[in-house]
Protein chains: 2
Amino acid sequence: MATADPVEAIIGKIRDRGGRATDARRATIRVLLNTGQSHLSAEDIVSQVKLQHPDVAESTIYRNLATLEELGVVEHVHLGHGPSTYHLTEDGHQHLLCERCGKVIEVPEETFAPLAEQLATTYGFRIHPRHFAIMGLCRRCQGQRRAH
Amino acid sequence: MATADPVEAIIGKIRDRGGRATDARRATIRVLLNTGQSHLSAEDIVSQVKLQHPDVAESTIYRNLATLEELGVVEHVHLGHGPSTYHLTEDGHQHLLCERCGKVIEVPEETFAPLAEQLATTYGFRIHPRHFAIMGLCRRCQGQRRAH
DNA sequence: CTGCTTGCAAATAGTTTGCACGTTC
DNA sequence: GAACGTGCAAACTATTTGCAAGCAG
């Protein structure tokens, strides 16, 4: 086996597709690896990358995130109304977003298996639910007056 | 009982809150009633309203939709990446969106009861899922090459 | 040297806001 | 006639695109 460096592993996938290994790409991947399963907006990623490489443009980050999504390395999720958030594809988890306090709860994908089966049987629809958060109220925010 | 007109019934709720009855509001409500449970974007609504009242501004429609949401008469849903879609609050249904062909399937909220109960027990989270569509693949689009 | 990548600036989509005027109660 | 609503234009947020110059392979 070659490199143990996970950054270079992903760069390798990019090369396999005829893509080039650039500093901006390595930096973007590094940020995503370092923050693990957090939910970073594109802007978060941009500012983290700029700490090391101040001249990288936002558009470059967006383009690289799109490339990484095509590769299947990265996914983006919509939490509420704000910007999309990006994270590495790995553990498939679904997001519960509290519409009062903004808290995000991660739920393993297996929790959705029974629902998935029911929708497959009844509607022939195969869900792939991670792309949007499920809204609701967390324990703390229940029993208070409604808001939005 | 007073008016049987559903437009005036909603206008009545607006008045109860100290709001005024205006042409733009009546027109907006009329469009939503006429199209029933369809999924109209703000732009769709604007252009429908403009057929009768060409001078109504987009911003007015947005403001009135917000007012109607505060009243609980209207809800908006995010189907995929495009604009929000608005419809009357009534039957609580969840949306399944095919990420290949864009087809929208409506599913009654009861289908989600077991999941809701599980999440409530395990995480103390009370879901209110209608705000975002669940992504996936419809029957026709399964078994083809992936896309996004 | 070929063409993938980048930075920059400008364009875009969807929605929101400021403000002075108009209308409703 | 006071408060609320409206049109218009401009601002805003998140993201995308055109283009000429820059590097990677």
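Chain A is the first sequence line, chain B the second, and so forth, proteins listed ahead of strands; every chain is numbered from 1.
The nucleotide range of DNA chain C contacted by chain B, defined by atoms under 4.0 angstrom from heavy atoms of the protein and reported 5' to 3', is dG14(C) to dC25(C). Put simply, chain A comes within 4.0 Å of DNA chain D, heavy atom to any atom, from dA14(D) to dG25(D), going 5' to 3'.
Listed for the T89(B) side chain is a donor-acceptor partner under 3.5 Å among the backbone atoms of V73(B).
Residues S84(B) and T60(A) each lie close to DNA chain C; by heavy-atom proximity, the contact nearer the 5' end of the strand is made by T60(A). Along DNA chain C, the nucleotide nearest to R63(B) and the one nearest to H78(B) differ in position, and the one closer to the 5' end is contacted by H78(B).
Listed by chain and number, the hydrophobic cluster partners of L51(A) come to none, as no ILVMFWY side chain reaches under 4.5 Å of it.
Comparing the end axes of the helix from dC1(C)-dG25(D) to dC25(C)-dG1(D), each fitted to five base pairs by superposing C1' atoms of four pairs onto the next four, gives an inter-axis angle of 20° (nearest 10 degrees).
The side-chain contact (heavy atoms from CB on, under 4.5 Å) check on A113(B) picks up nothing, with sequence neighbours excluded. With sequence neighbours left out, L96(A) forms a side-chain contact (heavy atoms from CB on, under 4.5 Å) with I105(A), V107(A), I134(A), L119(B), F125(B). Shown here are the side-chain contact (heavy atoms from CB on, under 4.5 Å) partners of P114(A), two or more places apart in sequence or in another chain: there are none. A search for side chain to side chain donor-acceptor pair (under 3.5 Å) contacts involving H128(B) returns E99(A), not counting sequence neighbours. Remark: T60(A) pairs with A24(A), V56(A), A57(A), N64(A) by the side-chain contact (heavy atoms from CB on, under 4.5 Å) rule, at least two apart or across chains. Taking the salt bridge (Lys or Arg N to Asp or Glu O under 4.0 Å) definition, one finds that R63(A) meets it with nothing, sequence neighbours left out.
Note on S59(B): a base of the nucleic acid sits closer than 4.0 angstrom, heavy atoms only. Note on R15(A): only backbone sugar-phosphate atoms sit closer than 4.0 angstrom, heavy atoms only; bases stay farther off.
Of the inter-residue distances, the one linking L68(B) atom CG with T28(B) atom OG1 reads 7.0 Å to the nearest 0.5 angstrom. Atoms CG and CD1, from N34(B) and I29(B) in turn, are 11.5 Å apart once rounded to the nearest 0.5 Å.
H81(A) is listed as a side-chain neighbour of H78(B), based on a closest heavy-atom distance under 4.5 Å. Side-chain atoms of V104(B) and L97(B), non-hydrogen and from C-beta on, do get closer than 4.5 Å to each other.
Judged as a side-chain hydrogen bond (donor to acceptor under 3.5 Å, both in side chains), the pairs with a partner in residues 44-56 of chain B (not counting sequence neighbours) are, in order, S41(B)-D44(B).
For the segment residues 19-26 of chain A, the set of residues with a heavy atom within less than 4.0 Å of an atom of DNA chain D comprises R20(A), A21(A), in numerical order.
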